[in-house]
Amino acid sequence: MDGYAHLAGWQWLYLLVGIVSLFVGVSVWFLLPEYPQGSPWLSETEKALVVSKLDYQVDNVIIWSDVFHSFIDVKILCFGTISLMTHTCKNIITFYLPTIIEGFGFSTIISNLISSPIYLSTLLLSFLLSYTCDKTGKHGYIILGLSSIGV
């Protein structure tokens, strides 16, 4: 689309991403219920859990001891380290794979097409694992396993 309607390719990218973000933001404003009791996708147990969490935080007071404990909690530190390592590796592949493939002599469009199955398979795997997590309730094990593979 570079040059179409006198706009550069990067301008089209910003424009299209901005339009999608604007559409999603306005849609959420009208579709998201104001309170958990009005959400049709939550069960009664889930609604009660969310309301109890909201009641705990109703004062909007920061409990500094909770903040401090979250910084020294071993589980949070381990998860943060694994997450940092995983995102670093993922971002290297995401940003440089098309450039590496282009270095083999392919054109820009072909190199992007060659690298796209990785992202499509990741999307499908994300949906499959989200479904599996919901059905089995083994969120922690699945996240730990995938994070270990990513590291």
Side-chain angles (χ1 to χ4, degrees), residues 9-10 12-104 106 108-151:
W10 67 269
W12 276 109
L13 180 66
Y14 280 157
L15 186 64
L16 294 174
V17 169
I19 289 171
V20 170
S21 299
L22 184 66
F23 175 75
V24 170
V26 170
S27 299
V28 166
W29 180 267
F30 290 107
L31 297 175
L32 194 64
E34 289 204 27
Y35 299 101
Q37 296 89 340
S39 62
W41 59 85
L42 292 176
S43 68
E44 293 302 320
T45 307
E46 292 169 334
K47 289 177 186 178
L49 177 66
V50 172
V51 168
S52 70
K53 298 277 187 185
L54 289 174
D55 288 342
Y56 175 73
Q57 299 174 350
V58 74
D59 296 334
N60 288 331
V61 175
I62 296 175
I63 302 170
W64 290 105
S65 61
D66 290 347
V67 173
F68 176 73
H69 288 299
S70 67
F71 281 114
I72 62 171
D73 187 6
V74 175
K75 292 181 284 189
I76 292 175
L77 291 174
C78 288
F79 182 75
T81 304
I82 291 172
S83 180
L84 176 68
M85 289 184 217
T86 302
H87 290 302
T88 302
C89 295
K90 176 189 70 78
N91 288 339
I92 289 171
I93 291 172
T94 301
F95 293 130
Y96 293 113
L97 185 62
T99 305
I100 293 169
I101 293 173
E102 190 175 344
F104 292 136
F106 294 102
T108 304
I109 293 176
I110 298 299
S111 65
N112 282 322
L113 287 174
I114 290 173
S115 65
S116 64
I118 294 172
Y119 308 119
L120 181 62
S121 62
T122 303
L123 175 70
L124 296 175
L125 185 64
S126 296
F127 285 138
L128 175 69
L129 289 174
S130 297
Y131 179 79
T132 304
C133 284
D134 283 344
K135 291 300 177 189
T136 63
K138 305 287 185 191
H139 301 88
Y141 295 118
I142 292 174
I143 290 171
L144 181 64
L146 290 174
S147 297
S148 299
I149 292 169
V151 170

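Everything numeric in this text was worked out from a predicted model, so none of it was measured.
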Distance, nearest 0.5 Å, that separates CG of L42 from CG of L49:
9.5 Å
For a side chain to side chain contact (heavy atoms under 4.5 Å, CB included) with N112, tell me which candidate from I110, I109, T108 qualifies.
T108
I need the S130 OG to K135 NZ distance, nearest 0.5 Å.
12.5 Å
What's the spacing between T122 OG1 and I118 CD1 if we round to 0.5 Å?
7.5 Å
With W10, which residues qualify under ring pair (Phe, Tyr, Trp, His ring centres under 6.0 Å), at least two apart?
Y14
Should S116 and L120 count as side-chain neighbours, where that means a heavy-atom distance under 4.5 Å?
no
How long is the straight-line distance from OH of Y96 back to CD of E102, given to the nearest 0.5 Å?
14.0 Å
Minimum heavy-atom separation for S115 and L97, please, with both atom names.
CB-CD2, 3.7 Å
So does Y119 have more than 12 non-hydrogen atoms from other groups sitting under 6.0 Å from OH?
yes
Do the non-hydrogen side-chain atoms of I143 and F79 ever get within less than 4.5 Å of each other?
yes
Which distance, rounded to the nearest 0.5 Å, do you find between the CG of L31 and the OG of S39?
13.0 Å
For F106 and I101, which heavy atoms make the closest approach, and how far apart are they?
CD1-O, 3.4 Å
I'd like to check the side chain to side chain contact (heavy atoms under 4.5 Å, CB included) partners of T45; sequence neighbours left out, ordered by chain and number.
S43
Measuring from atom CG of D134 to atom CG of L129, what distance do you get when rounded to the nearest 0.5 angstrom?
11.0 Å
Compare every heavy atom of K47 with every heavy atom of Q37, then report the nearest pair and how far apart it is.
O-NZ, 3.4 Å
